[in-house]
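One structure below.
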Amino acid sequence: MTSMTFHLHLANHANKKGLFPVMLRMTQNRKSKRLRTLVEVRTAEWNKNKECVRASNPNSEWMNEMLEKELRMAKDVYLNLRSRGMDTPEKVKDSMKRGKRSPSFMVYAKERTQEIYDAGGIRNWKKHLSFCNKLEGFMRTNGMSDLLFVELTPALLSKFDNYLRCLPNVRRPSQQLHPNTIQVHLNIFKTLINRAIEIDGMLRPEQNPFMKFKFRGVKTVKEKLNEEELNAIMRLRLKRNSKTWHCRNYFFFSLYCAGIRIGDLIQLRWCNVTDNGRLRYQMGKNHKVRDLVLVGKAWKILDEYRRKDARATDYIFPILSGTEPWANCITQEEKDTLPPLMKLRMFQTIGTHNVIINQELDRIKHLAGIDKKISFHISRHSFAKMAKEKGLDNLEVKALMAHSNLATTQKYMGEFDTKQNDDALSRVFRNKKDEP
């Protein structure tokens with residue numbers, strides 16, 4: 001009997017995702033059997049001559065490793081069967097199928113990450129990409145060439161958790177990774193496994209390692225500015241039209257508009273200001289529509305930027321360029337239809353301006369003599385503090401800040417609501433002679 005040959009090729013038809021599974025063909029005496037591998041690609045990503053995934057696929061390295069592993073496994077099975085005189089393509093295929101090859105979780109995680117990018121979820125994609133990079137680092141450290149679903153155990157999660165705790169903090173190299181950053185990575189890990197169970201059927205529910213492995217972050221204190229500190233910033237004599245002057249305006253406009261987020265503020269246009277004195281826009285983070293009355297102080301800031309020749313589609317604040325390719329997309333719906341690469345570039349551009357604004361705010365805090373870490377998002381926290389002090393209840397603040405649920409608002413407000421504890425402590429140490 002002649003030797004058996006092994007080749008890789010694409011399936012004849014695409015699956016529901018529009019991808020072509022890579023098939024392993026085993027041929028002997030002109031008889032062939034095909035076995036579907038765990039790799040799926042677009043036709044343009046497959047190198048027919050070299051029988052491998054092209055580098056244009058972001059997961060090509062891992063996919064090619066998986067294909068090499070499939071080939072080695074098939075050849076090992078073939079040699080084993082050959083020693084017993086049972087080396088037929090059908091026997092090799094059956095033997096490999098009975099071996100219950102466990103699919104790669106690493107390939108699954110990267111495919112899901114790519115799907116998020118293709119769908120335009122840039123924020124979520126960046127988080128998933130960071131998770132995949134951390135998981136790859138963990139695997140290299142432990143000498144692992146792949147991570148299979150069958151290897152997902154509470155013990156492995158614990159090792160990954162310990163690995164993350166030893167990593168340096170990118171922003172503060174002298175410190176280790178923040179516990180809440182670790183929590184973000186573990187949440188993504190958990191989300192991917194839940195999806196693999198509930199949607200893709202890669203695991204059975206009882207195999208979920210997170211049923212036994214538990215984790216949590218730490219509660220952080222959200223910085224906020226009090227009225228005295230806000231007044232100190234407002235009293236600063238800044239050069240008109242300077243970068244610092246503009247950044248102060250952006251911060252206070254956010255404060256007067258119930259803590260508008262930086263990404264939304266940067267993209268505001270004059271068409272978002274209605275004729276009846278309101279600010280109406282759709283939030284980029286959760287697509288909720290915000291419809292707020294523009295208070296007098298907010299109007300005063302807008303007056304600084306009004307131009308007689310301004311068009312309704314012009315940006316309000318001089319931050320983004322109207323010549324960028326995405327500038328023609330006015331509504332959130334139009335932005336959602338942008339190609340992923342253009343969305344990524346827009347996201348990166350906004351992120352760069354966010355860094356610059358925060359640098360100016362850091363300069364402003366020193367000028368005002370404030371010993372707190374200040375970023376643009378602090379305007380949101382400061383508004384929540386002011387709202388609580390003015391007597392607004394949590395439901396009112398939830399509506400103003402457009403939180404998705406009351407629990408989020410309560411996290412903001414709980415830090416400010418100390419009156420009950422203060423009164424109780426005072427009663428413990430109150431002298432009788434002090435009582436009325």
Side-chain angles (χ1 to χ4, degrees), residues 5-27 32-75 77 89 92-93 96-97 99-122 124-133 135-136 139-140 144-152 188-189 191-193 195-197 199-203 338-344:
T5 60
F6 301 86
H7 292 282
L8 296 167
H9 66 93
L10 294 187
N12 295 327
H13 303 286
N15 57 23
K16 293 180 179 179
K17 295 185 287 185
L19 301 176
F20 289 81
V22 177
M23 309 298 293
L24 170 60
R25 183 176 65 229
M26 298 160 286
T27 306
S32 297
K33 283 292 179 182
R34 299 195 311 166
L35 183 67
R36 179 173 174 169
T37 70
L38 305 170
V39 175
E40 301 171 335
V41 296
R42 299 179 177 87
T43 52
E45 297 170 338
W46 180 248
N47 189 321
K48 182 179 180 180
N49 295 328
K50 294 184 178 181
E51 298 184 5
C52 67
V53 181
R54 297 182 187 274
S56 57
N57 185 305
N59 300 322
S60 60
E61 183 178 347
W62 283 104
M63 288 181 170
N64 287 325
E65 285 186 17
M66 286 295 298
L67 294 175
E68 282 294 326
K69 188 174 181 179
E70 292 278 335
L71 279 171
R72 287 196 302 269
M73 185 186 301
K75 291 175 181 179
V77 170
V92 174
K93 179 179 179 179
M96 288 186 70
K97 290 179 72 174
K100 295 180 180 177
R101 300 166 298 151
S102 176
S104 166
F105 174 78
M106 193 69 244
V107 170
Y108 178 84
K110 288 198 167 188
E111 285 179 346
R112 177 59 186 148
T113 301
Q114 184 64 35
E115 288 173 2
I116 293 171
Y117 175 81
D118 292 341
I122 302 302
N124 203 15
W125 169 74
K126 289 189 71 175
K127 293 178 183 177
H128 277 68
L129 186 63
S130 177
F131 163 75
C132 287
N133 291 337
L135 191 56
E136 284 181 323
M139 290 166 58
R140 286 194 296 270
M144 301 168 66
S145 62
D146 197 6
L147 177 59
L148 306 180
F149 273 95
V150 73
E151 297 174 298
L152 298 177
I188 292 173
F189 209 156
T191 299
L192 286 168
I193 290 177
R195 178 186 171 88
I197 292 171
I199 297 178
D200 299 316
M202 310 295 284
L203 284 174
L338 284 170
L341 183 58
M342 195 176 293
K343 278 187 181 180
L344 175 59

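Values below: every heavy atom of this structure, side chains too, minus hydrogens, waters and symmetry copies.
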| field | Heavy-atom check, side chain of Thr37 versus side chain of Met66, under 4.5 Å | value | no
| Non-hydrogen side-chain atoms of Val22 and Trp46 separated by less than 4.5 Å | yes
| query | How would you list, by chain and number, every residue that makes a side-chain hydrogen bond (donor to acceptor under 3.5 Å, both in side chains) with Asn15, sequence neighbours excluded? | reply | Glu40
| task | For Phe20, check side chain to side chain contact (heavy atoms under 4.5 Å, CB included) against everything at least two apart and list the hits. | result | Leu10, Ala14, Thr43
| field | Heavy-atom pair of closest approach, residues Phe131 and Ala109 | value | CE2-CB, 4.5 Å
| request: Could you list the residues that satisfy side chain to side chain contact (heavy atoms under 4.5 Å, CB included) with Arg195, not counting sequence neighbours? | output: Tyr108, Arg112, Glu115, Ile199, Asp200
| message | Can you tell me how far apart NZ (Lys33) and NZ (Lys93) are? Round to the nearest 0.5 Å. | response | 5.5 Å
| Contact check, side chains of Glu70 and Arg36, non-hydrogen atoms, under 4.5 Å | no
| Between Lys343 and Leu338, what is the shortest heavy-atom contact and its length? | CE-O, 3.6 Å
| said: A side-chain contact here means heavy atoms from C-beta on lying under 4.5 Å apart; do Arg42 and Leu19 qualify? | reply: yes
| Full working for side chain to side chain contact (heavy atoms under 4.5 Å, CB included) between Ile193 and Phe105 | CA-CA 9 Å; Ile193 290 177; Phe105 174 78; 4.0 Å; yes
| said: With salt bridge (Lys or Arg N to Asp or Glu O under 4.0 Å) as the rule and sequence neighbours excluded, what pairs involving residues 48-66 come up? | reply: none
| query | How far does CD1 of Ile188 sit from OG of Ser130, to the nearest 0.5 angstrom? | reply | 7.0 Å
| field | Residue list, side-chain hydrogen bond (donor to acceptor under 3.5 Å, both in side chains) with Ser56, at least two apart or on another chain | value | none
| request: Could you grab the distance from atom CG of Leu71 to atom CZ of Phe6, nearest 0.5 Å is fine? | output: 8.0 Å
| query | Do Leu152 and Phe189 have side chains that get closer than 4.5 Å, going by heavy atoms? | reply | yes
| note | Minimal heavy-atom distance between Val92 and Ala74, with the atoms involved, is CG1-O, 4.0 Å
| request: Could you tell me the separation between the CG atom of Asn47 and the OG atom of Ser60, rounded to the nearest 0.5 Å? | output: 11.5 Å
| Leu129: what forms a side chain to side chain contact (heavy atoms under 4.5 Å, CB included) with it, not counting sequence neighbours? | Thr113, Trp125, Asn133
| message | Can you tell me how far apart CE (Met73) and CG (Leu35) are? Round to the nearest 0.5 Å. | response | 9.5 Å
| request: Evaluate the side-chain proximity of Arg34 to His9: yes if any heavy-atom separation is below 4.5 Å, no if none is. | output: yes
| query | What's the spacing between Ile122 CD1 and Met342 CE if we round to 0.5 Å? | reply | 12.0 Å
| Minimum heavy-atom distance Asp146-Met106, with the two atoms named | OD1-CB, 3.8 Å
| task | Tell me yes or no: between the side chains of Asp118 and Gln114, is some donor less than 3.5 Å from an acceptor? | result | yes
